[in-house]
2 protein chains.
Amino acid sequence: MINLAVDAVVFGYTSEDGLSVLLIQRKIPPFEGEWALPGGLVKENESLDEAVMRELKEETGVSINYLEQLYTFGEPKRDPRNRVVSVAYYGLVRPDVFHLLADTDALEAAWFNLDELPKLAFDHQNILNLARVRLKGKITYEPIGFELLDKKFPFSELEKLYQTVLDKPIDRRNFKKKIMSYDFLEETTEKQILKGAGRPGNLFKFNEKKYLDLKKKGINIDL
Amino acid sequence: MINLAVDAVVFGYTSEDGLSVLLIQRKIPPFEGEWALPGGLVKENESLDEAVMRELKEETGVSINYLEQLYTFGEPKRDPRNRVVSVAYYGLVRPDVFHLLADTDALEAAWFNLDELPKLAFDHQNILNLARVRLKGKITYEPIGFELLDKKFPFSELEKLYQTVLDKPIDRRNFKKKIMSYDFLEETTEKQILKGAGRPGNLFKFNEKKYLDLKKKGINIDL
DNA sequence: CCAAAAGTGTTGGTAGTACACCCATGA
DNA sequence: TCATGGGTGTACTACCAACACTTTTGG
């Protein structure tokens, strides 16, 4: 008898704190009290996509519908008790729009900065690592930002987002040239309201139609 | 109770017949007598990779160990009887090195040219379509050919392989320039033995070390 | 006036694309 | 001698990478 589960790697991005990941503290054995990816067993009559959204909602209160399938992990001993095969999903959201609410099998749900992670239960560190790689890959051929930034934002916010996810510095001028050539950003006349010193930047917004078009067609941001 | 299965999309390539796919004719319901991808239920104590190799061997006699995970299909109604979630794998081989031998749940095993496919059981046509897309993608960032061509082969064979998998014409000169720049091919002094008219080409061989290096590092054949 | 962040162009190199004619062979 | 397939080079373009100084603001 093989049990089928789903796990969700939900990355959060804010310009202040960079990348984080949503974890839960397990209420039940195995690994009781330890931190793990949200997830759980698939029910008889739901699809995998439905299962992962449901578990995420149940355990963390986070409700999103654009997770992507990452990989299926099926080593016989990955769960110390029973055989559990897990279909992992991943996604990237802005944490501040959710109110976390641990429930069902979770004692607590919290965002952890990627460089301050606790030890994770099961093989969840592997899953997270793979998700990290895939996320990096993904943003080089698909635009991101629309769901992660404010309606209007200074250009530097988009730049910071790419630098954070790719985890390397980017030349400001070349990046702007490239992004602008895809023509999915519109410059507004408004200016950034500053917190601290520095010249305030113009605010930009996404042209939603062109942005979604390019999500389908694909772009190429090799940096 | 959810059953867990694996399915294999094994593509075959020959320069004469192009791309084909390995199918089996089902011996048991559902879809008895129809053609389907080789695959079957995962056993309690084997990994997913082991399961897919085993099923492939059992049903078709084909023994390979370099399939890659493709995607996991889990719609509740994809199997008309029970709930079956299937982890699909894919790979590309040369058909002529295998002796097909249908066994266990298969009445017959056979290679089908991609444009002469029978109607497939379950959602296997979807799985195949996705595998086709992924295969195309894959050869643009990983060299192929070593396992598919003879030890020594005329350059046109490699060209034909790429044209077949990508399903579009390629400029011979540009392709050669690009491939040669990666430096994993060595030109020999031998010449092709002809079948029919035409100027015989020089034979090439892979530099296995450099080839495997590039498999890891990745290349970029955007054509 | 100093520190912080935004804005802005040019140049050189590299890689990609388009393109056509001659050569060696078998029939 | 014709048909078949192999072999080869150039020129144009587009993209990418590297790079530094000026402007606006807050403190």
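Lettering of chains follows the sequences in order, A, B, ..., and the numbering in each one begins at 1.
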ask   = Would you say the side-chain atoms of A:Tyr13 pair up with the backbone N or O of A:Leu161, donor to acceptor, closer than 3.5 Å?
value =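 Flag set: sc A:Tyr13 to bb A:Leu161 pair under 3.5 Å.
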Using whole Å, what does the distance between atom [atom2] of nucleotide [N] and atom [atom1] of [X] come to?
| X | N | atom1 | atom2 | answer |
| --- | --- | --- | --- | --- |
| A:Ile193 | C:dA5 | CD1 | P | 17 Å |
| A:Phe175 | D:dC19 | CZ | C1' | 19 Å |
| A:Phe155 | D:dT23 | CZ | P | 22 Å |
| B:Met180 | D:dG7 | CE | P | 9 Å |
| B:Asp171 | D:dT10 | CG | P | 16 Å |
| B:Gln192 | C:dC23 | CD | C1' | 14 Å |
| B:Lys178 | C:dT17 | NZ | P | 6 Å |
| B:Asn174 | D:dA11 | CG | C1' | 12 Å |

ask   = According to a strict under-4.0 Å criterion, is A:Ser156 in side-chain N/O contact with OP1 or OP2 of C:dA5?
value =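 A:Ser156 to C:dA5 OP1/OP2: no side-chain N or O under 4.0 Å.
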inquiry  = Base of C:dG7, side chain of A:Arg173 - is there a donor-acceptor contact under 3.5 Å?
reply    =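 Answer is no: no donor-acceptor pair is held.
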message = Determine whether a donor-acceptor pair (one donor, one acceptor, N or O, separation below 3.5 Å) exists between the side chain of A:Lys177 and the base of C:dT10.
response =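 Side chain to base: pair present.
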inquiry  = Taking B:Glu58 first and then B:Arg54, would you say they form a salt bridge - that is, a charged N and a carboxylate O separated by under 4.0 Å?
reply    =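 Salt bridge flag = yes for B:Arg54 with B:Glu58.
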inquiry  = Which residue in the set B:Lys216, B:Lys136, B:Lys215 passes salt bridge (charged side-chain N to carboxylate O under 4.0 Å, His left out) when paired with B:Glu142?
reply    =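 Option passing the salt bridge (charged side-chain N to carboxylate O under 4.0 Å, His left out) with B:Glu142: B:Lys215.
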request  = Let me see the working for A:Glu68 and A:Arg134 under salt bridge (Lys or Arg N to Asp or Glu O under 4.0 Å), right down to the final yes or no.
outcome  = CA-CA 10 Å; A:Glu68 275 187 43; A:Arg134 282 278 275 279; 5.9 Å; no
From [options], nucleotide with atom closest to [X] side chain:
| X | options | answer |
| --- | --- | --- |
| A:Lys176 | C:dT17, D:dG7, C:dG7 | C:dG7 |
| A:Ala197 | C:dG7, C:dA3, C:dC19 | C:dA3 |
| B:Arg199 | D:dG9, C:dA24, D:dT25 | C:dA24 |
| A:Arg172 | D:dA17, C:dT17, D:dA20 | D:dA20 |
| B:Pro200 | C:dC19, D:dA18, C:dA24 | C:dA24 |
| A:Asn202 | C:dG7, D:dG26, D:dG5 | C:dG7 |

message = Judged by each residue's nearest nucleotide on DNA chain C, which is more toward the 5′ side, B:Asn220 or B:Lys191?
response =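 Taking each residue's closest nucleotide, the earlier one in sequence belongs to B:Asn220.
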query = Do you know the tightest heavy-atom contact between A:Pro38 and A:Leu23?
reply =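 That closest heavy-atom pairing would be CD-CA, 4.3 Å.
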